[in-house]
Amino acid sequence: MEVRVRYAPSPTGLQHIGGVRTALYNYFFARANQGKFILRVEDTDRTRYTDEALQDLYDTLDWLGIDYDEGPRVGGPFGPYVQSERFELYKKYAEQLVKDGKAYYCYCTEERLESLRSAQTEAKSEEQGYDRHCRNLTSEQIEANEKAGIPHVIRLKVPMEGKTTFHDVLMGDITRKNSDVSPDPVLLKSDGFPTYHLANVIDDHLMGVTHIMRAQEWIPSGPLHILLYQAFGWEPPMYCHLPMVMGKDGKKLSKRHGSTSVRDFREQGYLPEALLNYVSLVGWSFDGQREFFSKEELSQVFTLEKINKAPGVFDYKKLDWFNGHYIRLKTDEELARLLVPFMEKAGLLDQAPDKLEAALRVAPLVKERLRLLGDIGPMVSFLFKDPGEPSLESLLPKGQDAQSTYLALSKAYPVLRQGLESGEPESQIEEKLSNLALELGLKVNGVFMPIRVSITGSTVSPPLFDCIRALGYDKSFERIQRSIKVLEENK
RNA sequence: GGUCCCAUCGUCUAGUGGUUAGGACAGGAGAUUCUCAGUCUCUAAACAGGGGUUCGACUCCCCUUGGGACUACCA
């Protein structure tokens, strides 16, 4: 039998790490088994739905390179794949359930339910949830309510006795007493829209879904869904509940732990391959040794059996490490293209006639020290903006006074200049400068640091000669001369 | 409160009755070096506790503890 799985998010907010991980596992599972991966938009909550969220869903999947075989935008034999476009369908099936005596109309008002709820919590009652007030209305009562135009919902008649079991690939059999299952949950809302439970079950069945991979928070409603399949007389699919993704404090990952939306990560300069690789490893492993995987590789080797049952903590530091790794794998050209928008955002390219060329100049300097593309600004801003005349204090290496520093820089300058202009190999100039330091009784750094600060305005920078080359000789010399003057005036 | 799920270094994990309990991130130390980073080497760090089962338990069972999820006309 062909494997058919789906990712079925509801567009009520930005795509977050947990959701994406679920999408990824479904995708990999489908690919690894030559099955189909379906995207379904569960937009039945009209109050929380936003266009932005829907667009973000598409953008996120595109960015990660997660393509789907069936779904909105690409179509498929079981469409439409947006639940709001299947509106009539759910109603039909819900009514069928009523006709079969498996569900019933409920006329309870929001107010009644609310007061019921508060009464229950106040009394710390064993009974939680709906009191099944409308479960046994007579046909006369129903008729009267309908005539009076009282709106109704449709509720499932959950059996009062017995128990329901569903099988989970990871967890094994999970059984719940029917009396512990949510008492007669709403299937069809008064606005005619289905609830998650109804729409989900109908669509999964109609779309031929064979495996449901979703977050563990859905485990409690597993039995309810089985009850629904039974009410319809359908065969339930296989279940596989995925461990949750937590924050450092062991609570469900949320904004207070840091970024959670893929958009955030993207804007900070994470690479899709890094995010995809790392996220896949929270809750799944290959052999405990290997941890670099491309999307294509995961599509080969992914297996349900290696999914962990315990929830996992999302480690931002390790993600950073992955990101640095993937940045280093880029060619200069690739990195430059990725860098352009981040350099623009940092205001570095306002004067650049050729943005890509500018980024290309920068790429080799930063490749080994970049963790996030968004960190590019301070690293190379000296190439695009004059850092200004350095202060005396900033020019002095640790433990060195103005006099000796003046001497060092003023002697180093001609060596550097002559060397560069005559095309001497950099390694040779470097050696000369080191020797100069030795002659002056300074540490090597005592000569290099003032040059570095002169040129970059910072004690931290890419290798000196790389900086000079990227800046251009003329500007570099000017900045050194400027520093010599500062030192001369203060020695 | 009730129901259900889970439990190996700080974190992600390997391990399916007999291992010096392995790897990675983060941490520490060192090497390389013009700073930073990178790279390399080394290092510290775990089977939650208690009962069983067994010749033998991290591995199987039970209890305790701890953590989490759910308990909506949200998904």
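Throughout, protein chains are lettered first and strands after them, A, B, ... in sequence-line order, and every chain is numbered starting at 1. For clarity, every value in this text was computed on a predicted model and none was experimentally measured.
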Indicate, with a heavy-atom threshold strictly under 4.0 Å, whether [X] touches base, sugar-phosphate, or nothing.
| X | answer |
| --- | --- |
| A:L464 | base |
| A:T47 | nothing |
| A:G312 | sugar-phosphate |
| A:K398 | nothing |
| A:C108 | base |
| A:S190 | base |
| A:Q128 | base |

Review point. Strictly under 6.0 Å, is that where the ring centroids of A:H225 and A:F166 end up?
Key: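 That pair fails the under 6.0 Å test.
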Practice item. Examine A:F314 together with A:Y278 and report whether their ring centres are nearer than 6.0 Å. Key: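 A:F314 vs A:Y278: aromatic centres under 6.0 Å.
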Please give the nucleotide sitting opposite [N] as a Watson-Crick or G-U wobble pair, both distances under 3.5 Å, or none.
| N | answer |
| --- | --- |
| B:rU19 | none |
| B:rG66 | B:rC6 |
| B:rC58 | none |
| B:rA72 | none |
| B:rU11 | B:rA24 |

**Study point:** Atom P, compared across B:rA7 and B:rG15: separation rounded to whole Å
**Key:**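 My reading of the P atoms in B:rA7 and B:rG15 gives 13 Å.
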Enumerate all atom pairs, one protein N or O and one N or O from nucleotides 30-33 of chain B, separated by less than 3.5 Å.
none

Kindly give the atom pairs (protein nitrogen or oxygen, nucleotide nitrogen or oxygen) under 3.5 Å for nucleotides 57-68 of chain B.
{"residue": "B:rG68", "atom": "OP1", "partner": "A:K251", "partner atom": "NZ", "Å": "2.5"}

Check your understanding: Of the options A:Q216, A:R214, A:K309, which is the one that meets A:H241 in a side chain to side chain donor-acceptor pair (under 3.5 Å)?
Key ->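 For A:H241, the side chain to side chain donor-acceptor pair (under 3.5 Å) test succeeds with only one of A:Q216, A:R214, A:K309, which is A:R214.
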Check your understanding: Would you say B:rC73 has OP1 or OP2 under 4.0 Å from some side-chain N or O of A:R117?
Key ->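 Yes, A:R117 has a side-chain N/O under 4.0 Å of OP1/OP2 on B:rC73.
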Check your understanding: Atom NZ of A:K309 and atom C1' of B:rU13: how far apart are they, to the nearest Å?
Key ->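 The answer, rounded to whole Å, is 15 Å.
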Point to revise | Interatomic distance, A:E217 CD vs B:rU3 C1' [rounded to whole Å] | key: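 Interatomic distance, CD of A:E217 to C1' of B:rU3: 16 Å.
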Which pairs, protein N/O on one side and nucleotides 36-38 of chain B N/O on the other, fall under 3.5 Å?
{"residue": "B:rC36", "atom": "O2", "partner": "A:R369", "partner atom": "NH1", "Å": "3.0"}
{"residue": "B:rC36", "atom": "N3", "partner": "A:R369", "partner atom": "NH1", "Å": "2.5"}
{"residue": "B:rA37", "atom": "O2'", "partner": "A:E368", "partner atom": "O", "Å": "2.7"}
{"residue": "B:rG38", "atom": "OP1", "partner": "A:R371", "partner atom": "NH1", "Å": "3.3"}
{"residue": "B:rG38", "atom": "O4'", "partner": "A:E368", "partner atom": "O", "Å": "3.2"}

